[in-house]
Student: 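Below is the structure I would like to discuss, written out as structure tokens.
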Amino acid sequence: MEIIYYLIGIPFAAGLICFLLPKRMRLLIWGIAFSVSVFLFASFLYFFNSPPAPAGLWFLWDNLTNLTLLGIGFFGLIISIYSYKVVDVSVNKYYAYLLLTLAASIGAAVSNNLILMSVFWGILAITLYLMINLGGPDASYPAKKTFIIVGGSDSFLIMGIAILWVVTGHINITEINLQIDSWLSTCAFLCLICASFAKAGAMPLHTWIPEISEKAPVSVMAFLPASLDKLLGIYLLARVCLNLFSYHESLWFLLRLLGSITIIGAVFLALIQHNMKKLLAYHAVSQVGYMVVGIASGNPIGICGGLFHMINNTIYKCCLFLGAGSVEKQAGTTDLDNLGGLGKILPLTFFSFLFASFAISGIPPFNGFFSKWMIYQGLIEAAKNGEPSWILWITMALVGSGLTLASFMKIIHAVFLGRPSDKLKVQDIKEAHWTMTFSMIVLALLCLIFGVFFIRIPLLKFLVPIVPSVDVANILNLLLPLALLVAGIILGMLFYPLLVPRKRRITEPFIGGEIQNQNMRPSGTEFYNPVKEMRFLQTMYRASEKKVLDLYEVLKSFTLYFTEGFRSLHSGILGTYLTWILFGMVVLLYLFIKW
Amino acid sequence: MTNLSVFISVPLVAAFFIPVVSRKVKWFPDVCGILTTFLLLLLSLQTMNQETVYSMGNWPAPYGIVLVLDGFSCLLLIVINLIGFISTLFSFEYIERFYTSKLRYYSLFLLMLAGMNGVVLTGDLFNLYVFLEIASIASYALVGFGCYSRELEASFKYLVMSTIASSFILLGVALIYGRFASLNIAHIALLIKQYGMNETMVFSFVLLLVGFGVKAAIVPFHAWLPDAHPSAPAPISAMLSGVVIKALGIYVIVRLVYNLFGMTPLISNLLIYSGVISMMIGVLMALGQWDFKRLLACHSISQMGYIVLGFGLGTPLGILGGAFHLFNHSLFKSLLFLNSGSVEYETETRNLEKLGCLSQKMPVTSATSLIASLSISGIPPFNGFWSKLIIIIAAVQAGKPVFALWAVIGSILTLASFSKIQRYAFFGHGRHFDESTHKNIKEVPGLMKMSMIILAILCTITGLLLINGTNGIFSPVVNDLTQGPVPYIEKILGYEFTNISGLFGN
């Protein structure tokens with residue numbers, strides 16, 4: 001187990017070195033970061049194939065850890081390659097925080113001792129805060145909000161750990177398996193769930209993700225799902241639900257409920273966004289819902305699906321954010337209204353983005369389809385225990401999936417297809433640097449590989465070791481629906497030419513017979529405006545604009561109300577203060593004389 | 001073995017010589033101040049793991065004045081002299097910039113130090129009162145040191161309220177003396193064990209509790225603090241918030257409760273409730289502040305609440321948490337006040353709305369203040385996390401998870417208000433931020449930087465004390481307090497004396 005010290009220590013030390021190096025030694029700093037991440041990925045790959053070690057006092061290394069670590073190592077590598085050309089200010093700090101994040105992520109994934117784990121979580125929150133602040137003064141508000149939500153949730157984590165320790169007398173993950181039977185253990189469960197929700201970005205603690213997406217450096221946003229946000233947040237959730245506590249019907253019901261609300265609520269908010277990064281951020285929230293629902297379904301296949309979705313989401317979400325980063329870097333904006341027609345100019349970006357969009361929308365044969373399928377199966381499986389609510393969860397998940405596709409159609413059309421906005425200087429835009437496209441293409445291909453070779457690679461290599469009780473044969477049943485789907489797509493392709501009129505004429509756009517100039521440009525975003533005006537949704541959007549749905553803002557105004565009250569009490573008049581002293585003395589005297 | 005009286009005599013003598021000598025020698029106050037505090041720091045570090053009773057003038061215990069060194073006073077001694085040394089380091093350049101009279105400053109500073117060392121060492125109630133007054137009066141003068149109207153007003157308020165508290169204390173001491181004809185704490189504790197509490201004793205206990213409650217700024221006796229602490233020069237604010245309220249307030253309350261009157265469930269509940277109320281009111285007030293130092297001062301009330309909560313729980317773990325948080329709070333709160341001093345040194349304002357973007361221009365101040373903010377907000381791996389963790393675990397263990405939950409909420413609100421400081425002063429900027437006034441800002445000079453870095457390093461590593469250092473520093477504290485008055489009495493009066501009194505013999 002000594003190797004763990006090196007695996008945490010080396011990126012940590014490298015991070016400190018990068019921090020101390022001067023900014024202009026850019027290549028050296030990048031070289032350090034790159035070689036460390038290569039080392040980490042290689043060693044995780046090596047350990048993945050070796051048998052897991054027995055859990056120690058401080059660390060544990062089981063198959064779930066293995067999977068998480070492999071993910072962390074891989075995405076650390078991808079991000080460090082991608083960042084080569086993207087990051088140009090505060091290079092030393094950026095790579096230092098990146099390496100520290102890597103070190104702390106590894107630490108959080110391998111700790112067996114819960115307090116040790118919360119220490120690593122704390123470091124993760126700090127590095128995240130510092131990384132967002134690299135976005136300049138404008139990023140300071142989202143950074144603050146993020147830090148309060150993510151760092152504040154650490155306090156709940158500690159509370160949960162404290163209760164666990166007092167109730168069970170143990171502090172190690174492997175030694176705790178608590179039956180939820182008293183209000184104290186319920187409280188502990190809720191505290192830990194609160195922490196993992198805040199970190200994973202599930203509703204109602206999701207609001208920091210869309211907020212930072214616009215201001216933080218985009219490579220930070222891309223690394224986020226791989227580090228703190230999805231991989232580790234869901235890792236924590238999995239540990240809480242699978243290891244620390246045993247199944248409890250009504251609390252797991254609550255989780256499923258929150259998960260489905262997250263899926264559907266976030267996707268509706270995503271539909272109306274006009275900024276590419278913000279839209280992606282809402283999808284990041286929405287996808288968490290699937291993982292929560294999957295893990296909370298409480299049966300092996302659903303858990304498997306949730307974990308698989310965690311991996312898949314990390315892959316395609318990382319790819320999508322990298323794509324957004326390339327667009328921003330090359331075109332100078334991520335505002336959907338001001339983009340368009342970039343597909344021809346950035347073909348590699350376009351195709352990898354397209355692949356990732358298919359994956360996130362759950363279209364076969366991409367990986368997203370298979371994980372969602374497993375989650376649905378898990379929910380149906382749960383229905384066999386006589387739970388009637390499964391139909392609701394499945395409906396919400398399916399609708400969410402459809403709407404995801406809809407919003408990605410919007411993004412693809414508005415950015416890559418159609419006619420370029422005249423605010424773009426099209427002739428100056430070139431395809432991104434090869435380091436950027438390389439990392440995107442790798443991720444896009446991975447989406448495809450994990451889908452096509454679904455059984456051979458992800459299922460048998462990653463998931464079955466973690467959840468051995470999963471019924472592989474049952475999953476394989478999906479051949480029939482798959483065939484139906486493929487048939488449907490082929491039929492659609494056959495019918496499409498029939499429905500399109502034979503005789504077509506392409507003209508310049510015109511209004512009332514007058515030919516308009518080039519400025520007239522149908523943009524994909526306007527197509528989605530009717531969504532905004534549906535009655536029920538309209539109230540929801542208004543509420544979200546007023547930030548009524550934002551738990552953080554609500555609690556903030558609630559707290560400030562008290563703050564104002566107490567401040568007005570402190571009027572600065574000496575007499576009042578002296579009265580308080582006398583009052584306190586009277587109360588004390590009363591208490592002591594009475595007893 | 002150290003002669004305990006040096007902790008009082010050295011700063012007193014230095015405080016006397018500074019005004020005398022420095023009429024001729026200009027560099028004397030600085031050098032003498034720094035050397036004296038450094039000497040005291042070394043001496044206090046030497047007292048670790050020692051238990052000594054020193055009788056002044058060789059008069060035996062109940063009749064003469066004794067100085068007592070046990071685990072708890074040792075902890076306080078280290079805190080006082082450590083922060084004292086670092087504050088003098090910081091003062092070297094800071095005082096030159098804003099204030100003129102260095103000799104008075106150092107003289108008062110050392111007087112305050114002597115008073116506090118006296119309070120934590122003495123084993124005599126009236127002697128304690130005298131030292132308390134020395135420290136308090138020096139601190140009134142230091143709060144009003146800037147001599148502007150706001151500072152004088154704050155100093156006056158502080159003086160009035162604190163003097164009322166002092167007279168309560170004096171009355172309480174007098175009542176006790178009238179009942180038992182003794183001023184030795186151990187002797188009084190013995191007599192209380194023998195004869196029990198009557199109503200006069202209860203009254204005097206309440207008087208003492210109120211008096212020291214004011215000094216410790218526990219709600220509802222806290223109102224002087226948000227005015228007084230920000231008005232003082234930054235190193236003095238660091239001393240006031242980091243040390244004075246603890247040495248004069250919390251220390252004495254804990255000593256009285258655990259070693260003199262004995263812990264009862266009522267007192268325990270009282271401390272827990274007042275701790276939680278202080279915690280919440282302090283942090284809620286801090287959230288609305290826009291003055292850098294005032295925000296910090298409000299947090300002192302809140303953090304005192306954590307300490308009182310820890311001590312109030314009365315379990316060994318609670319006492320450990322309280323003592324550890326006391327130690328940690330002195331480190332990070334002084335660091336924060338020194339940071340605010342550095343910011344004021346460069347920008348000449350404390351208004352968060354006018355500050356901005358200092359993380360680029362003052363990297364050391366920014367980084368150290370970030371560390372201190374993380375510590376006070378209880379973010380791992382910094383020291384505040386560990387002590388809060390212990391307090392929360394102790395509260396759950398003592399069967400009071402609701403109070404643990406309050407501590408958690410307080411911790412989140414603390415984080416919120418310190419991210420506010422980080423946002424407005426360092427990473428982002430306030431509403432009235434004016435770029436042109438911020439052009440010539442650079443990092444503060446050497447010694448100021450050094451003192452902040454020392455404290456930041458301490459904040460980072462003292463979490464490790466929990467693993468190894470508890471045996472050296474904190475477990476004596478826990479032992480002293482959990483065992484109640486009896487060992488304390490035996491230690492000071494000797495086993496013979498207590499035996500003769502016929503209390504423990506049979």
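We name chains A, B, ... by the order of the sequence lines, and we start the count at 1 in each one. Reckoned from all heavy atoms, side chains included, excluding hydrogens, waters and symmetry mates.
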Student: With chain A, which of B/Lys157, B/Gln422, B/Met197 has the greatest number of heavy-atom pairs at distances under 4.5 Å?
Tutor: B/Lys157
Student: Centroid-to-centroid, A/Tyr95 to A/Phe19, below 6.0 Å?
Tutor: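 They do not qualify: ring centres at least 6.0 Å apart.
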Student: Chain A heavy atoms under 4.5 Å from B/Leu405: which part of the residue, side chain, backbone, both or neither?
Tutor: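 Its backbone and side chain both get close to chain A.
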Student: Check the side chains of B/Thr414 and B/Ser377 for a donor-acceptor pair under 3.5 angstrom, ignoring hydrogens and angles.
Tutor: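 No pair is found: no donor N or O on one side chain lies under 3.5 Å from an acceptor on the other.
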Student: Which one of B/Ile379, B/Ile409, B/Val219 has the most heavy-atom pairs closer than 4.5 Å to chain A?
Tutor: B/Ile379
Student: Need one label for B/Val408: side chain, backbone, both or neither, based on atoms under 4.5 Å from any heavy atom in chain A.
Tutor: both
Student: Is it the backbone or the side chain of B/Phe426 that comes under 4.5 Å from a heavy atom of chain A, or both, or neither?
Tutor: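 Interface part for B/Phe426: neither.
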Student: Go through B/Arg150 and B/Asp227 one step at a time and tell me if the salt bridge (charged side-chain N to carboxylate O under 4.0 Å, His left out) criterion holds.
Tutor: CA-CA 9 Å; B/Arg150 282 188 62 178; B/Asp227 286 327; over 6 Å; no
Student: Among A/Ile8, A/Leu116, A/Ile4, find the one that has a side-chain contact (heavy atoms from CB on, under 4.5 Å) with A/Ser111.
Tutor: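 Answer after filtering A/Ile8, A/Leu116, A/Ile4: A/Leu116.
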Student: Would you confirm whether B/Ser268, through its side chain, and B/Thr264, through its main-chain N or O, come within 3.5 Å as a donor-acceptor pair?
Tutor: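 Not a single qualifying donor-acceptor pair exists.
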Student: Within a strict 4.5 Å, meaning less than it, do heavy atoms of the A/Tyr577 and B/Pro220 side chains meet?
Tutor: no
Student: Relative to chain B, which of A/Leu560, A/Leu578, A/Asp138, A/Thr576 shows the most heavy atom pairs under 4.5 Å?
Tutor: A/Leu578
Student: Hey, does the side chain of B/Asn198 reach the backbone of B/Met201 with a donor-acceptor pair shorter than 3.5 angstrom?
Tutor: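 Present.
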Student: Does B/Phe168 form a side-chain contact (heavy atoms from CB on, under 4.5 Å) with A/Met585? I'd like the steps, not just the answer.
Tutor: CA-CA 10 Å; B/Phe168 281 167; A/Met585 190 172 156; 3.6 Å; yes
Student: Under 6.0 Å between ring centres, would you say that holds for A/His570 and B/His222?
Tutor: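 Yes - the distance between ring centres of A/His570 and B/His222 falls below the 6.0 Å cut-off.
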Student: Sort A/Leu569 into side chain, backbone, both or neither according to what part of it lies under 4.5 angstrom from a heavy atom of chain B.
Tutor: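 Nothing of A/Leu569, per the 4.5 Å heavy-atom cut-off to chain B.
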Student: Check whether A/Tyr129 gets within reach of chain B through its side chain, its backbone, both or neither, counting any heavy atom under 4.5 Å.
Tutor: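 Answer is side chain: those atoms of A/Tyr129 sit under 4.5 Å from chain B.
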Student: Let me confirm one number: the CD1-NE2 distance from A/Ile149 to A/His206, rounded to the nearest 0.5 Å.
Tutor: 9.0 Å
Student: Where does B/Ile164 contact chain A at under 4.5 Å (heavy atoms): side chain, backbone, both or neither?
Tutor: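 Side chain only.
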Student: For A/Ile161, is it the side chain, the backbone, both or neither that has a heavy atom under 4.5 Å from a heavy atom of chain B?
Tutor: neither
Student: Let me know if A/Trp580 has heavy atoms under 4.5 Å from chain B in its side chain, its backbone, both or neither.
Tutor: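 For A/Trp580, heavy atoms of backbone and side chain both lie under 4.5 Å from chain B.
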Student: Tell me, side chain or backbone of B/Phe382 under 4.5 Å from chain A's heavy atoms, or both, or neither?
Tutor: side chain
Student: Relative to chain A, which of B/Ser274, B/Pro380, B/Pro381, B/Gly378 shows the most heavy atom pairs under 4.5 Å?
Tutor: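 Of B/Ser274, B/Pro380, B/Pro381, B/Gly378, B/Pro380 has the most heavy-atom pairs under 4.5 Å with chain A.
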Student: Mind ranking B/Met280, B/His429, B/Lys420, B/Lys388 by heavy-atom pairs under 4.5 Å with chain A and telling me who comes out on top?
Tutor: B/Lys420
Student: Mind ranking A/Asn133, A/Asp154, A/Leu130 by heavy-atom pairs under 4.5 Å with chain B and telling me who comes out on top?
Tutor: A/Asn133
